[in-house]
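In what follows, a structure is listed as structure tokens, so that the remarks can point back to it.
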Amino acid sequence: MVPKLHAVSTGKQPLEQLLKIIRDIEPYVGAIHIREKERTARELEVLIGDLKKEVPASKLIVNDRVDVAFAAQVKGVHLAYHSLSAQGVKAHFQQLIVGKSVHSVKEAKEAEQSGVDYVIYGHIYPSQSKLGQTPRGLEQLKQVVDSVQIPVIAIGELCLAM
């Protein structure tokens, strides 16, 4: 498998700015995670509708909102610890790929057993969004990668001047 860069929105930009950023980076990434925790389902529907005019739906993954991912007909949904179960999502929404955030080898193995298609592991390096939390580092990432057969996406922080 060829490594692919995944971009994750922060939920901090106005919609127009977010749309511009996604349009600019789309050719260079394998997936775009719409992680807009404070937005309503309707706001996400509008955002994704606008994105799909210029960005392939096959690159879009919605965080935690199975309803929005299904209705918007995007690639998949990414689950957190508080989300619906991966088994339930996979059983009722077969067309969606399903990912899950994990923070240990144990969680990665459990996620794989639950049927997810990939896991996101992190944070690997110091991050502005995880101030005061010790990064997990590359050695722990290797342990997670070696413990499962599904893709592991390492999450970190990349600051771009735009």
Side-chain angles (χ1 to χ4, degrees), residues 1-11 18 21-23 25-39 41 43-45 47-125 127 129-130 135-158:
M1 183 173 98
V2 177
K4 293 184 179 165
L5 182 65
H6 285 227
V8 182
S9 70
T10 65
L18 178 59
I21 291 168
I22 291 173
R23 285 183 197 116
I25 66 169
E26 182 274 323
Y28 309 103
V29 299
I32 299 165
H33 294 253
I34 307 300
R35 186 176 185 262
E36 300 289 311
K37 293 180 177 185
E38 302 301 319
R39 303 230 191 258
E43 289 171 321
L44 291 171
E45 178 185 46
L47 169 64
I48 293 167
D50 288 345
L51 283 173
K52 284 174 56 177
K53 294 173 186 170
E54 300 179 53
V55 175
S58 62
K59 285 191 174 186
L60 299 175
I61 298 172
V62 179
N63 280 48
D64 196 37
R65 294 299 305 260
V66 178
D67 57 339
V68 173
F70 177 74
Q73 298 179 328
V74 297
K75 179 179 185 170
V77 64
H78 186 82
L79 305 175
Y81 70 92
H82 62 270
S83 300
L84 297 171
S85 73
Q87 297 96 326
V89 173
K90 294 292 277 186
H92 297 289
F93 302 95
Q94 295 90 7
Q95 69 276 37
L96 295 175
I97 68 158
V98 177
K100 185 162 177 75
S101 295
V102 299
H103 304 94
S104 67
V105 167
K106 179 180 183 242
E107 288 180 12
K109 288 180 177 181
E110 289 171 354
E112 181 178 44
Q113 290 171 353
S114 75
V116 301
D117 299 295
Y118 70 91
V119 294
I120 288 184
Y121 176 75
H123 66 290
I124 304 304
Y125 299 110
S127 169
S129 63
K130 304 286 183 182
R136 290 178 171 81
L138 294 176
E139 183 54 40
Q140 288 184 37
L141 171 61
K142 182 179 182 330
Q143 292 172 11
V144 170
V145 170
D146 291 345
S147 74
V148 295
Q149 300 300 309
I150 58 176
V152 176
I153 300 158
I155 195 162
E157 189 166 295
L158 177 63

| remark: Partner of Tyr121 under side-chain hydrogen bond (donor to acceptor under 3.5 Å, both in side chains), picked from Lys100, Glu107, Gln143, Gln140, is Gln140

| note | Rounding to 0.5 Å, atoms CG (Asn63) and OG (Ser9) come to a distance of 7.0 Å

| task | Could you tell me which residues satisfy side chain to side chain donor-acceptor pair (under 3.5 Å) with His6, sequence neighbours excluded, listed by chain and number? | result | His33

Atom pairs and distances, side-chain donor-acceptor, residues 75-84, under 3.5 Å, sequence neighbours left out:
from  : atom 1 : to     : atom 2 : distance (Å)
His78 : ND1    : Tyr118 : OH     : 2.9
His78 : NE2    : Ser101 : N      : 3.2
His78 : NE2    : Ser101 : OG     : 2.7
His82 : NE2    : Asp64  : OD2    : 3.2
Ser83 : OG     : Asp64  : OD1    : 2.4
Ser83 : OG     : Ala80  : N      : 2.7
Ser83 : OG     : Ala80  : O      : 3.4

| Looking at residues at least two apart in the chain, or sitting in another chain, which of them share a salt bridge (charged side-chain N to carboxylate O under 4.0 Å, His left out) with Glu45? | Arg42

| said: Can you confirm whether more than 12 heavy atoms, excluding those of Phe70, are under 6.0 Å from its CZ atom? | reply: no

| task | Name all residues meeting the side-chain contact (heavy atoms from CB on, under 4.5 Å) criterion together with Ser58; count only those two or more places apart in sequence or in a different chain, and write none if there are none. | result | Pro56

| message | The criterion is side chain to side chain donor-acceptor pair (under 3.5 Å); which residues satisfy it with Lys37, sequence neighbours excluded? | response | none

| Considering only heavy atoms from C-beta outward, does the side chain of Leu18 approach that of Glu36 to under 4.5 Å? | yes

| remark: Tightest non-hydrogen contact, residues Ala31 and Ile61, listed as CB-CD1, 4.0 Å

| request: Return the minimal non-hydrogen interatomic distance between Arg136 and His103, and the atom names on each side. | output: NE-O, 3.2 Å

| message | Going by side-chain contact (heavy atoms from CB on, under 4.5 Å), name the residues that satisfy it together with Gln113, two or more places apart in sequence or in a different chain. | response | none

| request: List the atom of Val29, the atom of Ala7, and the distance in Å for their closest heavy-atom pair. | output: CG1-CB, 4.2 Å

| query | Between atom CG of Leu60 and atom CD1 of Ile32, what is the distance when rounded to the nearest 0.5 Å? | reply | 5.5 Å

| remark: Applied to residues 84-99, the side chain to side chain donor-acceptor pair (under 3.5 Å) test, sequence neighbours excluded, yields Lys90-Asp117

| said: Please find the pair of heavy atoms, one from Val102 and one from Ala111, that lie closest to each other, and give the distance. | reply: CG1-CB, 4.0 Å

| Which residues pass the side-chain contact (heavy atoms from CB on, under 4.5 Å) test with Leu138, sequence neighbours left out? | Ile124, Tyr125, Leu141

| task | Tell me, please, which residues at least two apart from Glu26 pass side chain to side chain donor-acceptor pair (under 3.5 Å). | result | Lys59

| query | Can you name the residues that form a salt bridge (charged side-chain N to carboxylate O under 4.0 Å, His left out) with Lys52, not counting sequence neighbours? | reply | none

| Trace of the side-chain contact (heavy atoms from CB on, under 4.5 Å) decision for Ile34 with Leu51 | CA-CA 11 Å; Ile34 307 300; Leu51 283 173; 3.8 Å; yes

| What residues form a side chain to side chain donor-acceptor pair (under 3.5 Å) with Arg35, not counting sequence neighbours? | none

| field | Closest heavy-atom pair and its distance - Glu112, Gln149 | value | OE2-N, 2.6 Å

| message | Suppose we screen for salt bridge (charged side-chain N to carboxylate O under 4.0 Å, His left out). Which residues come up paired with Lys109, at least two apart in sequence or across chains? | response | none

